[in-house]
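Quick caveat: nothing in here was measured; it's all calculated off a predicted structure.
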Amino acid sequence: PAVSYRLAINRQDNLKELLSTFSITDSVWVFSVIPIIIHILLISFLTLTKHTINFNLILNIFYSNKDFKVSDQILNHDVLSFLIYCFSTIVLGYAFGLLSNFFENRNNLFTRILGLSNDWYEIFEGNILNSPALKNDDALDIVYVNVLSNTKETTILYSGILINYYYKPKSTELDYLVLQSATRRDLRKGYINNAEQNSDEKQNYYSQFTGEVIKIPGDYFIVPVKEILNINVSYLNIISMADLPEVS
């Protein structure tokens, strides 16, 4: 059940990334709780329905006890029942994982219980918005980012639709961003020095109105976080014609 539960959890990107930061000890502790709960529920159900569990047979099979004598008829029945029980735990483990994903998407229940809150997830998923309507996954259509990146040659502003983001292995620290419909603007062309102007104070700055915006070819553009100076995030919603008010 622990394996099937983990497979279901991996369908939720946030939980998949955050649980990968767990140490081996933490993973063993977390993924032993769900199997214990499942076994308690199943054994309680069998007890309430007055079904018996031949623990003696199961233990002797596990311990390879040669002196334990059983007939083929009893063995076939009990082994088949045990395999059905194991299959039931696997199915319930996956179902519990899907249920955890459901509550995680609704109110971040799982991450709050385990103390896995992540600021980057809150920002990129729009959970920091105060508007209840925009917290709905169906309402938030596009996350658009402007990334100020520092290269060896110059400082460049990358812009595009945020498709995905990835953490460093065993860490909640960002590793790189994946953008779509990306553009770039070389800030050297927007550099202004007013020393030549009649001014008492010399100021050097970048103008937001200069510098040519160039479309980056390709379907996806990857920006390493180690080169990022800051990130500007915009939440956009696409309004369909049906949502527009009627004009008489």
ILVMFWY network linking [X] to [Y], side-chain heavy atoms under 4.5 angstrom:
X    : Y    : value
I90  : I36  : no
Y166 : I222 : yes
I216 : V145 : yes
Y94  : F96  : no
L7   : L99  : no

Quick one: side chain to side chain donor-acceptor pair (under 3.5 Å) partners of S149, sequence neighbours excluded?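 Expected list: none.
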Steps toward side chain to side chain contact (heavy atoms under 4.5 Å, CB included) verdict (Y235, I123): CA-CA 10 Å; Y235 304 103; I123 293 172; 3.8 Å; yes
As a quick check of understanding, evaluate side chain to side chain contact (heavy atoms under 4.5 Å, CB included) for I161 and Y144, giving each step before the final call. CA-CA 5 Å; I161 301 172; Y144 194 85; 4.0 Å; yes
With rounding to the nearest 0.5 Å, note down the distance linking [atom1] in [X] to [atom2] in [Y].
X    : Y    : atom1 : atom2 : answer
I156 : T183 : CD1   : OG1   : 11.5 Å
H51  : I43  : NE2   : CD1   : 14.5 Å
L41  : L92  : CG    : CG    : 8.0 Å
I231 : L174 : CD1   : CG    : 6.5 Å
N146 : L179 : CG    : CG    : 9.5 Å

Which residues pass the side chain to side chain contact (heavy atoms under 4.5 Å, CB included) test with S88, sequence neighbours left out? L42, I84
Only counting residues at least two apart or in another chain, list the ones meeting side chain to side chain contact (heavy atoms under 4.5 Å, CB included) with R6.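 R6 satisfies side chain to side chain contact (heavy atoms under 4.5 Å, CB included) with N10, L19, F31 once adjacent residues are dropped.
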Check step by step if side chain to side chain contact (heavy atoms under 4.5 Å, CB included) holds for F221 and V178. CA-CA 6 Å; F221 183 69; V178 180; over 6 Å; no
For the side-chain contact (heavy atoms from CB on, under 4.5 Å) test, which of V233, I142, V143 pairs with L162?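 With L162 as partner, V233, I142, V143 yield a single side-chain contact (heavy atoms from CB on, under 4.5 Å), made by V143.
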Could you walk me through whether I38 and Y5 pass side chain to side chain contact (heavy atoms under 4.5 Å, CB included), step by step? CA-CA 11 Å; I38 291 175; Y5 180 75; over 6 Å; no
Whether H39 and Y85 hold their rings parallel, tilted or perpendicular, with breakpoints at 30° and 60°: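 The arrangement is parallel - the two ring planes meet at less than 30°.
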On a heavy-atom basis, which atom in [X] and which in [Y] lie closest, and how many Å separate them?
X    : Y    : answer
I40  : S44  : O-OG, 2.7 Å
I9   : S100 : CD1-CB, 3.9 Å
Q180 : D219 : CG-O, 3.4 Å

